[in-house]
Amino acid sequence: MMTHNKLAAAVLMSLMLSACQGESSSDNAEAMGVQVAQVSPLSAGDMGFSQVQGPVTQGLNTSRDDIQFVSPMSGEYHPRQLQQTQSVASNEYWFTVSGDALNQGIPLTISQGGAVIRLAPRADMSSGALFHAPAIEPNSLELSAPKGAQVPDLMRSMANADALASAGMNDDSSALLLSSAAPAGEYRLKARTAVDPRSQYLVNVKEKGSPLLLHLSAPMGLSLGQSLAGSLALDGLGQLNAANARLRQGAKELPLELTLENGSFSAAMPDGFMPESAAELSELLIDVHSQVDGVNVKRTIKTAFKHFVPSGRVLPETQVHWQGKTPVAVTFNLELAEAGRFALSAVLTGTDSSGREVAIHSSAAARWFDESGSLTLLLSRDLIEASGLEAPFQIRELELKDQGQMAILSFQDKALRL
C-alpha cells in the first residue's frame, strides 16, 4: 500500500489549513489542489531500470530519520548531466615479484629515457603467518642495459626508503632514476645482495612525460550481472589486439576475459561474482604489452567502479500539489524490492519574461521504507514567488538513491513539466 512521508504530509496539511483559513469567494484561487501527472520517459543521458531486485549486501545507512530540505538557487539554469563514465590515462606499469625472482633477475620493458623504477615491499600471508618484506637499498640493485647499448651513465640518481619517506612516500619504497640518455629496450633488474625468497615486492616503472599513454574509459557504476564495457586505446597504435584484465575487490583478484574490437572492450563478470560489501569499490586493472613504431611498450591502467543492484525505481504516476497557481510539492511513487533507506532530489526551475529557464531551488528528501511507498519533494512557495518566475515550471535532475547501497538508481534530466 502506498504511504506518504509523514513529515511531508504534515507540511502539506499545514499548507491546506493556511489556505482554508478565512476562505471566501476571493480566496478560492489559493485553495489547495492535487493534480495527477506522469514522469517523462527516460531520454539520452538518463539512467533507470524497468525492474527491481533485492540488494546482495547489507545496507550501510539504516537511519529511520525523515529528512527534507530546500536549498535556494538562482541564475539561468544549466543542466547537470549525470556522470556515468570516467576516463583515465597511464604512462606506467606495475607487477608483483618475489624475492627469489629478484635474486634471479627480472626483465623490464622501458620505452624512453628518464624512467623511474620503484620497488615497494609488500606483506604476504600465503604461509599462514604475516611476513613483510624489508626495504631494499637501491645500491644493492643491478640494472643491465639492453644488449648492445653503450650508455656511460645509465643511472641518474637513486633514492632509498628514508629519502622517499621525507618526500611523503611512507611505504619503504626505494627508487632508481634512469638517465635521459637511457635507450628504449629490454632491461634486467637483479639484486646484488640476496633477498629473502619469501619477500614480495611491487615493481613500478613510470615513464613521466611519455607520449605513449594508455587511455581507458569505463563505467563508474555497474548493475550486478551486467557486462563491463568501455574504450581502451594506446597512443600511436591503430588498435590494441591483446590485453590482460583483472577484477579486484578487497583482497580478492580474479582474471577477466577481455574482448577488444575497434577501440572498445567488453568483459563479463566472473560466474557467481558477488560484492562483499556495499562500502567497497571494485577495481578493473588492465595490462598491455605492445609495440609502437618498433618500440616495446608496457602499460598498466586501473579504474574503480561501484557494483550495485537496481533495488528501486520511480513509478510514472505522480501527484503535484498546488496552492493556487503555485506548485508546493510533488509526491513520487516508488517501487522497492526490499526495506531500506532511499532518497530523492531534484531541481525546480521556472521561466522568466524572456522565456529563459531559471533555477529556483533544489529539493531533497530521504526516509526509511518498510515496503514500496511514496516520497514527497517540497517546493517553496516563498522562493517561487520571490523569484518572479512563472510557468512552465520544471522538475529537473530527478535522482533516486539507495542510501543503503550508496548507489544512484535513476536520474532524469527533464522529469516533469508543471
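The figures here come from the full heavy-atom set of this structure, side chains too, leaving out hydrogens, waters and symmetry mates. What you see is a predicted model, and the numbers here were worked out from it, not measured in a lab.
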Would you give the length of the straight line joining atom CG of Leu228 to atom CG of Leu284, rounded to the nearest 0.5 angstrom?
5.5 Å
Reported CG-to-CD distance for the pair Leu315 and Gln38, which is rounded to 0.5 angstrom:
10.0 Å
Taking the side chain as every heavy atom from C-beta outward, state whether Leu237 and Val297 have any atom pair closer than 4.5 Å.
no
Mind checking the CD1-CG spacing from Ile106 to Leu189? Nearest 0.5 Å is all I need.
5.0 Å
Could you grab the distance from atom CD1 of Ile286 to atom CG of Asn244, nearest 0.5 Å is fine?
10.0 Å
Please test Leu119 against Ile117 for side-chain contact (heavy atoms from CB on, under 4.5 Å), starting from the C-alpha separation and ending with a verdict.
CA-CA 7 Å; Leu119 284 88; Ile117 303 168; 4.2 Å; yes
Under the side-chain hydrogen bond (donor to acceptor under 3.5 Å, both in side chains) criterion, do Gln200 and Thr96 qualify, and how do the steps go?
CA-CA 7 Å; Gln200 296 286 323; Thr96 302; 5.7 Å; no
If the threshold is 4.0 Å, N to carboxylate O, is there a salt bridge linking Lys190 and Glu142?
no
If we ignore hydrogens and angles and just use 3.5 Å, is the side chain of Gln68 paired with the main-chain N or O of Thr376 as donor and acceptor?
yes
Identify whether the distance between the nearest side-chain nitrogen and carboxylate oxygen of Lys252 and Glu280 falls below 4.0 Å.
no
I'd like to know if the side chain of Ser217 reaches the main chain of Gly230, judged simply by a donor and an acceptor atom lying under 3.5 Å from each other, with no hydrogens or angles considered.
no
Show the nearest heavy-atom pair for residues Pro107 and Phe95, with the distance to one decimal.
O-CZ, 4.3 Å
I need the minimum non-hydrogen distance between Met47 and Leu42, along with the two atoms involved.
O-CD2, 3.8 Å
Would you please test Ser410 and Glu399 for side-chain hydrogen bond (donor to acceptor under 3.5 Å, both in side chains) and show each step?
CA-CA 6 Å; Ser410 68; Glu399 186 173 89; over 6 Å; no
Under 6.0 Å from the CD atom of Gln35, do we count more than 12 heavy atoms belonging to anything else shown?
yes
Nearest heavy-atom neighbours spanning Lys306 and Met406
CE-O, 3.8 Å
Give me the atom names and distance for the closest heavy-atom approach of Thr331 to His321.
OG1-NE2, 3.0 Å
Please verify the inter-ring angle class for Phe273 with His307; under 30° counts as parallel, over 60° as perpendicular, anything in between as tilted.
tilted
Sidechain N-carboxylate O distance under 4.0 Å for Glu207, Arg299:
yes
Within the distance-only criterion (no hydrogens, no angle test), does the side chain of Ser363 pair as donor or acceptor with the backbone N or O of Leu379 below 3.5 angstrom?
no
Side chains of Arg198 and Asp124 in contact at under 4.5 Å (non-hydrogen atoms)
no
Thr351 (side chain) donor-acceptor with Pro392 (main chain) under 3.5 angstrom:
yes
Expected output: side-chain Tyr201 to main-chain Ile136 donor-acceptor under 3.5 Å
no
Under 3.5 Å, is there a donor-acceptor pair between the side chain of Arg188 and the main chain of Gly105?
yes
Could you tell me whether the side chain of Gln412 and the main chain of Ser40 form a donor-acceptor pair under 3.5 Å?
yes
Do any N or O atoms from the side chain of Gln226 and from the backbone of Ser223 form a donor-acceptor pair under 3.5 angstrom?
yes
So, Lys414 and Asp46, do they make that salt bridge, N to O below 4.0 Å?
no
Could you please spell out the steps behind the side-chain contact (heavy atoms from CB on, under 4.5 Å) verdict for Val330 and Leu348?
CA-CA 11 Å; Val330 183; Leu348 174 69; over 6 Å; no
The test is side-chain hydrogen bond (donor to acceptor under 3.5 Å, both in side chains); show your working for Ser311 and Asp402 and say whether it passes.
CA-CA 7 Å; Ser311 53; Asp402 181 335; 2.5 Å; yes
If I compare all heavy atoms of Ala359 with all of Tyr77, which pair ends up nearest, and what's the gap?
N-CB, 3.9 Å
What pairs of residues pass the salt bridge (Lys or Arg N to Asp or Glu O under 4.0 Å) test when at least one of them lies in residues 156-178, not counting sequence neighbours?
Arg118-Asp171
Quick check: do Thr318 and Ile395 have side-chain heavy atoms less than 4.5 Å from each other?
no
Do Leu154 and Ser179 have side chains that get closer than 4.5 Å, going by heavy atoms?
no
Close side-chain approach of Leu344 to Phe342, heavy-atom, < 4.5 Å:
no
With salt bridge (Lys or Arg N to Asp or Glu O under 4.0 Å) as the criterion, how do Asp287 and Arg246 come out once you've worked through the C-alpha distance, each side chain's angles and the decisive distance to 0.1 Å?
CA-CA 9 Å; Asp287 298 299; Arg246 296 163 281 153; 2.9 Å; yes
Is a side-chain N or O of Lys206 found less than 3.5 angstrom from the main chain of Ser90, in a donor-acceptor match?
no
Nearest heavy-atom pair of Gln249 and Pro275: which atoms, and what distance?
OE1-CA, 3.0 Å
Enclosure of Lys298 NZ (heavy-atom neighbours >12, cutoff 6.0 Å)
yes
Determine whether more than 12 heavy atoms belonging to other residues, nucleotides or ligands lie under 6.0 Å from atom CD of Glu390.
no
Looking at Gln51, I want to see if its CD is surrounded by more than 12 non-hydrogen atoms of other residues, nucleotides or ligands under 6.0 Å.
no
Between Gln86 and Ala304 (side chain of the first, backbone of the second, donor and acceptor by atom type, cut-off under 3.5 Å), is there such a pair?
yes
Does anything in residues 221-237 pair up under salt bridge (Lys or Arg N to Asp or Glu O under 4.0 Å), and if so which pairs, sequence neighbours excluded?
none
Could you check Leu398 against Leu377 for side-chain contact (heavy atoms from CB on, under 4.5 Å), going step by step and ending with a plain yes or no?
CA-CA 10 Å; Leu398 180 64; Leu377 292 181; 4.2 Å; yes
Within a strict 4.5 Å, meaning less than it, do heavy atoms of the Pro121 and Ser199 side chains meet?
no
Going by heavy atoms in the side chains, are Arg64 and Trp368 under 4.5 Å from each other?
yes
Are Asp100 and Ser98 close enough that a side-chain donor and a side-chain acceptor fall under 3.5 Å?
no
Is any side-chain heavy atom of Leu212 closer than 4.5 Å to a side-chain heavy atom of Gln112?
no
Report the distance from atom CZ of Phe411 to atom CD of Gln81, rounding to the nearest 0.5 Å.
6.5 Å
Between the CZ atom in Arg417 and the CZ atom in Arg396, the distance rounded to the nearest 0.5 Å is 10.0 Å
Does the side-chain contact (heavy atoms from CB on, under 4.5 Å) test come out yes or no for Leu375 and Leu400, once each step is laid out?
CA-CA 10 Å; Leu375 196 53; Leu400 173 65; 5.8 Å; no
Would you say Asn333 and Ser374 are linked by a side-chain donor-acceptor pair, where the criterion is simply a distance under 3.5 Å?
no
